[in-house]
Amino acid sequence: MALELVCGLNKLHCMQRFDALLKEWDLQQLQAATSNFRNPYSLMAPPFENPAVNLPKILEQGKVQMEFEHGTTTLGFKYKGGVILCADSRATSGQYIGSQSMKKIVELTNYMLGTLAGGAADCVYWDRVLTRECRLHELRYRKRMSVDAAARIMCNISTEYKGMGLVMGMMLAGCDDEGCKLIYVDSEGMRSQGSVFSVGSGSTYALGVLDTGYRWDLTDEEAFDLARRAIYHATSKDAYSGGIVRLYHINDKGWKNICNTDCNDLHDIFCKESVNHETHPNMPCTSRAWIEQKLRQDYVQDQVAAVTMEKTHVQQLASHMFSKCRANVATAIWRPSSYWKLLSP
């Protein structure tokens with residue numbers, strides 16, 4: 001054996017063990033499957049040509065259901081005091097609740113946060129990759145990565161893996177040299193910057209509350225209450241959302257975890273407010289006094305609009321009559337005989 005090693009005869013195929021080729025093939029497959037350990041952007045793709053086009057065809061032919069049900073509720077909005085992010089903590093797999101303590105708001109840097117919505121594995125993996133890129137950017141350039149740059153990285157990743165089963169919808173919020181920003185990125189390669197976003201199966205319920213109570217000049221306490229209230233209403237109506245409501249506030253000094261409140265505790269609080277509605281006249285949605293106040297305001301606005309339209313109509317009619325009279329006077333001056341002839345019986 002020693003002579004074989006010295007002469008290199010052990011490398012010949014005829015001198016190798018019968019399972020050596022199998023072990024070598026297994027090692028190659030393992031290296032290909034774990035290539036993202038060396039390059040996180042390189043994931044193992046399906047073993048056929050053009051996966052984005054051919055994968056749906058193969059799944060349809062083999063009658064394999066790759067799509068899976070997922071649900072969550074996350075929201076974010078900008079106001080004069082910074083950016084608010086709020087999310088629930090329930091992780092589901094179809095009708096099964098896998099976890100009630102999932103952390104759906106990820107701390108990317110000291111000044112930037114990201115939310116998770118979609119496939120848990122996809123979102124967690126790419127958020128970790130983005131966290132790594134943000135840290136490397138700080139070490140290389142001695143400054144923080146901007147929110148736009150981080151969103152562009154996620155958008156490029158989503159475009160590269162579009163059509164391969166990637167399910168992801170996230171919000172990136174933070175403050176940089178250009179101020180506070182809120183950007184939405186999804187697995188279709190969409191990148192949109194705005195003031196109010198809500199992502200997930202319960203987003204329609206959360207947006208209903210946000211549309212009712214959102215305004216730019218909110219105070220910090222009003223913004224915190226609005227975000228908690230929106231997520232609570234979504235969890236009460238969407239079976240795929242629930243657990244703990246996590247609330248974060250971001251401004252030019254960094255992010256801060258405001259509170260982590262269980263949905264049951266919020267239910268007790270808001271139920272008491274709905275009974276004792278006179279103590280909180282400005283609370284949106286669950287306060288009866290707030291609804292009555294809103295109806296009175298809408299009634300006054302409708303009356304003002306009606307009076308304004310009537311006044312405009314009267315002015316237009318008076319202007320028309322004045323123009324007609326002026327035309328008749330001008331006709332009488334230039335053609336007096338014909339004018340009086342027309343007026344005579």
Side-chain angles (χ1 to χ4, degrees), residues 73-86 171 173 179-182 184 192-238 241 245 247 249 251 258 263 266-330:
T73 304
T74 62
L75 65 84
F77 61 86
K78 294 169 56 178
Y79 72 110
K80 68 176 184 179
V83 184
I84 295 294
L85 286 183
C86 194
M171 292 179 288
C180 295
K181 295 180 180 180
L182 179 64
Y184 167 75
S192 177
Q193 183 173 345
S195 299
V196 180
F197 288 113
S198 183
V199 187
S201 58
S203 60
T204 53
Y205 308 110
L207 284 174
V209 180
L210 290 176
D211 290 341
T212 304
Y214 173 77
R215 64 181 191 276
W216 175 257
D217 58 344
L218 290 169
T219 64
D220 289 343
E221 292 300 326
E222 289 176 342
F224 300 159
D225 181 80
L226 178 63
R228 285 193 297 260
R229 194 179 295 270
I231 295 294
Y232 160 73
H233 280 282
T235 57
S236 65
K237 297 174 178 64
D238 179 39
S241 303
V245 178
L247 176 64
H249 179 220
N251 54 21
I258 302 301
C263 290
L266 292 177
H267 178 74
D268 296 337
I269 295 173
F270 295 144
C271 279
K272 291 179 181 179
E273 285 184 1
S274 62
V275 174
N276 302 323
H277 54 85
E278 297 179 356
T279 58
H280 299 278
N282 297 320
M283 294 293 182
C285 291
T286 57
S287 174
R288 196 173 305 166
W290 187 91
I291 296 175
E292 294 174 356
Q293 179 183 358
K294 183 67 175 176
L295 292 175
R296 288 194 298 269
Q297 292 176 356
D298 293 342
Y299 177 76
V300 172
Q301 291 178 358
D302 293 340
Q303 294 296 322
V304 171
V307 172
T308 304
M309 290 181 61
E310 185 177 358
K311 182 179 179 182
T312 304
H313 179 69
V314 171
Q315 290 177 351
Q316 291 177 352
L317 183 61
S319 177
H320 177 69
M321 294 180 63
F322 177 76
S323 300
K324 189 174 181 180
C325 291
R326 186 170 59 180
N328 292 335
V329 170

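Predicted, not measured: the structure shown is a model, and the values here were computed from it. For reference, positions follow the sequence shown, starting with 1. Below, all heavy atoms of this structure are taken into account, side chains as well, without hydrogens, waters or symmetry copies.
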Intermediate values then yes/no, side-chain contact (heavy atoms from CB on, under 4.5 Å), K78 and W216: CA-CA 7 Å; K78 294 169 56 178; W216 175 257; 4.1 Å; yes
S192/F197 under side-chain contact (heavy atoms from CB on, under 4.5 Å): CA gap, chis, key distance, verdict: CA-CA 10 Å; S192 177; F197 288 113; 4.0 Å; yes
Does the side-chain contact (heavy atoms from CB on, under 4.5 Å) test come out yes or no for T312 and M309, once each step is laid out? CA-CA 5 Å; T312 304; M309 290 181 61; 5.7 Å; no
Stepwise, does the side-chain contact (heavy atoms from CB on, under 4.5 Å) test hold for S195 with Y214? CA-CA 10 Å; S195 299; Y214 173 77; 4.0 Å; yes
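Separating the CG atom in L247 from the CD1 atom in I231 is a distance of 9.5 Å, to the nearest 0.5 Å. The line from CG of D220 to NZ of K80 is 8.5 Å long, rounded to the nearest 0.5 Å.
For the pair V300 and Q303, the minimum side-chain heavy-atom distance is 4.5 Å or more. In this structure, the side chains of L75 and S203 stay at 4.5 Å or more apart for every pair of heavy atoms.
Heavy-atom minimum distance, G202 versus S241: N-OG, 4.4 Å. Scanning all heavy atoms of the two residues, the minimum distance from L182 to A173 falls at CD1-CB, 3.8 Å. Residue L226 comes nearest to V209 through the heavy atom pair CD1-O, 3.9 Å, listed as atom of the first residue, atom of the second, then distance. Looking at every heavy atom in both residues, V199 comes nearest to M171 through CG2-CG, 4.1 Å. When all heavy atoms of Y205 and A234 are compared, the pair lying nearest together is CB-CA, 3.9 Å. Contact detail for A223 and F77: the closest heavy-atom pair is O-CZ, 3.6 Å.
Heavy atoms of other residues, nucleotides or ligands lying less than 6.0 angstrom from CD of E310 number 12 at most.
No donor-acceptor distance shorter than 3.5 angstrom exists from the side chain of S201 to the backbone of T73, with no hydrogens or angles considered.
The aromatic rings of H249 and F224 sit perpendicular to each other, their planes meeting at more than 60°, with 30° as the lower class boundary.
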